[in-house]
Number of protein chains: 2
Amino acid sequence: MEEQLEYKKRLFQKMIGFTSAVHQTSATLTKGVKSDEITPVQYSILEHIMLHQPVTISEISECQHMSMPNTSRELRKLSEKGLCEKVETSADRRKQYIRLSPEGKRVMDVSFQLVEERFLQLIQSMEARELEELAQAIDLLQAKVFR
Amino acid sequence: MEEQLEYKKRLFQKMIGFTSAVHQTSATLTKGVKSDEITPVQYSILEHIMLHQPVTISEISECQHMSMPNTSRELRKLSEKGLCEKVETSADRRKQYIRLSPEGKRVMDVSFQLVEERFLQLIQSMEARELEELAQAIDLLQAKVFR
DNA sequence: TAAAACAATTATCATTTGACAACTAAATAA
DNA sequence: TTATTTAGTTGTCAAATGATAATTGTTTTA
């Protein structure tokens, strides 16, 4: 059992280094792709909506570790820029569901397109088997640690 | 070859979702652990130094995607707080190597300790074999994509 | 040796971000 | 029904961050 703990601590060290590397690589892949009309925080919100829409404001607030007032403000700015919009919902009238507007979708598609090109460069020389291993590794990590 | 491209594009989608999940999880694990005397950017710099020391200011600037003037300013503030220090180096006298001070090391150890506890919680119920798979998946991803 | 490039610093400014208090409206619990 | 909780908004303020210009000293290159 003691050995087990030691093993887990080494795994933790590995995990720290890994998450740091993920941050760096994704920052590199994403560098400069965001439209000039939005701030970094706003980009990150749009990305979240892109991946999880439709989503409530509370959920954005919680997932982005941002207070409700600040989340609300940034969403208002994004709405004013015509990049996202509130969806009518019948259930609980306190909850506001948010989704990208067609323009917001377009803006994010352009960004993602650029990131995709860079990513494809990164994996260009990999064979089918390597790619498959990559996909499996991601699935495993996402299932067990990064949900 | 066309199929290959389609496969790669699906892998890209998977990667986007994964990196977003990594960001969220690591933000959750790290939430509130940083000492009150430093800002988020400063924490991120200290973490980088912790993982890569000794490191030059240019390297920090490049890896953290921060301009040299701003990196220099934040490092000055960290030095003033006694958390990091410049290392004398004989080679190129333009380059300044940075490392954590004993106090900086202590501060980061405290933070990492908290993160470690949360991480151990997260993996508490895993068996030896699962942990091994986890470690292998990380190694694979870090070798092929997140360097 | 002179010119160019590199590593880092200082100073300044505008913008972004985070925190907080006070508030409205809707849903739920007592 | 009243009280409480939940979801979201508005306004304000200070601090953190990002961008840029100008400068110093050191190393390389021509």
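Here is the naming used below: chain letters follow the sequence lines, and residue numbers restart at 1 for every chain.
In this structure, A:Lys95 places its NZ atom 11 Å from P of C:dA27, rounding to the nearest Å. Protein atom NE2 of A:His65 is 13 Å distant from nucleotide atom P of C:dA19, rounded to whole Å. In this structure, B:Arg73 places its CZ atom 7 Å from C1' of D:dG18, rounding to the nearest Å. Across the protein-nucleic acid pair, B:Glu74 atom CD and D:dA16 atom C1' stand 8 Å apart, rounded to whole Å. Between the CG atom of B:Asp36 and the P atom of C:dA19 there is a distance of 11 Å, rounded to whole Å. Atoms NZ (B:Lys31) and P (C:dA19) sit 9 Å apart, rounded to a whole Å. Across the protein-nucleic acid pair, B:Gln42 atom CD and C:dG18 atom P stand 15 Å apart, rounded to whole Å. Rounded to a whole Å, the CE atom of B:Met68 is 17 Å from the P atom of D:dA21.
For C:dT9, the OP1/OP2 oxygens have a side-chain nitrogen or oxygen of B:Lys86 closer than 4.0 Å. Note on B:Ser67: every side-chain N or O is 4.0 Å or more away from OP1 and OP2 of D:dT20. A sub-4.0 Å separation between OP1 or OP2 of C:dT17 and a side-chain N or O of A:Thr39 is present.
Evaluation of atom-type donor-acceptor distances gives a pair under 3.5 Å for the side chain of B:Asn70 against the base of D:dA19. In terms of polar N and O atoms assigned as donor or acceptor, the side chain of A:Arg94 comes within less than 3.5 Å of the base of D:dT6 in a complementary pairing.
Residue A:Arg93 places its side chain closer to C:dA27 than to any other of D:dT26, C:dA27, C:dT10.
With rounding to the nearest 0.5 Å, the separation of NE2 in A:His23 from OG1 in A:Thr19 is 6.5 Å.
Using a 4.0 Å heavy-atom criterion, one finds that B:Thr56 contacts the sugar-phosphate atoms exclusively. At the heavy-atom level, A:Pro69 lies under 4.0 Å from base atoms of the strands shown.
One finds a salt bridge joining A:Glu103 and A:Arg106 here, because a Lys/Arg side-chain nitrogen approaches an Asp/Glu carboxylate oxygen to under 4.0 Å.
Comparing B:Gln96 and A:Ile38 by the nucleotide of DNA chain C whose heavy atom lies nearest to each, the residue mapping closer to the 5' end is B:Gln96.
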Can B:Gln53 and B:Tyr97 be said to form a side chain to side chain donor-acceptor pair (under 3.5 Å), step by step? CA-CA 8 Å; B:Gln53 67 187 333; B:Tyr97 279 85; over 6 Å; no

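Other residues, nucleotides and ligands contribute over 12 non-hydrogen atoms within 6.0 Å of the CD atom of A:Glu80.
Of the N and O atoms on the side chains of B:Gln121 and B:Glu117, not one donor lies less than 3.5 Å from an acceptor on the other residue.
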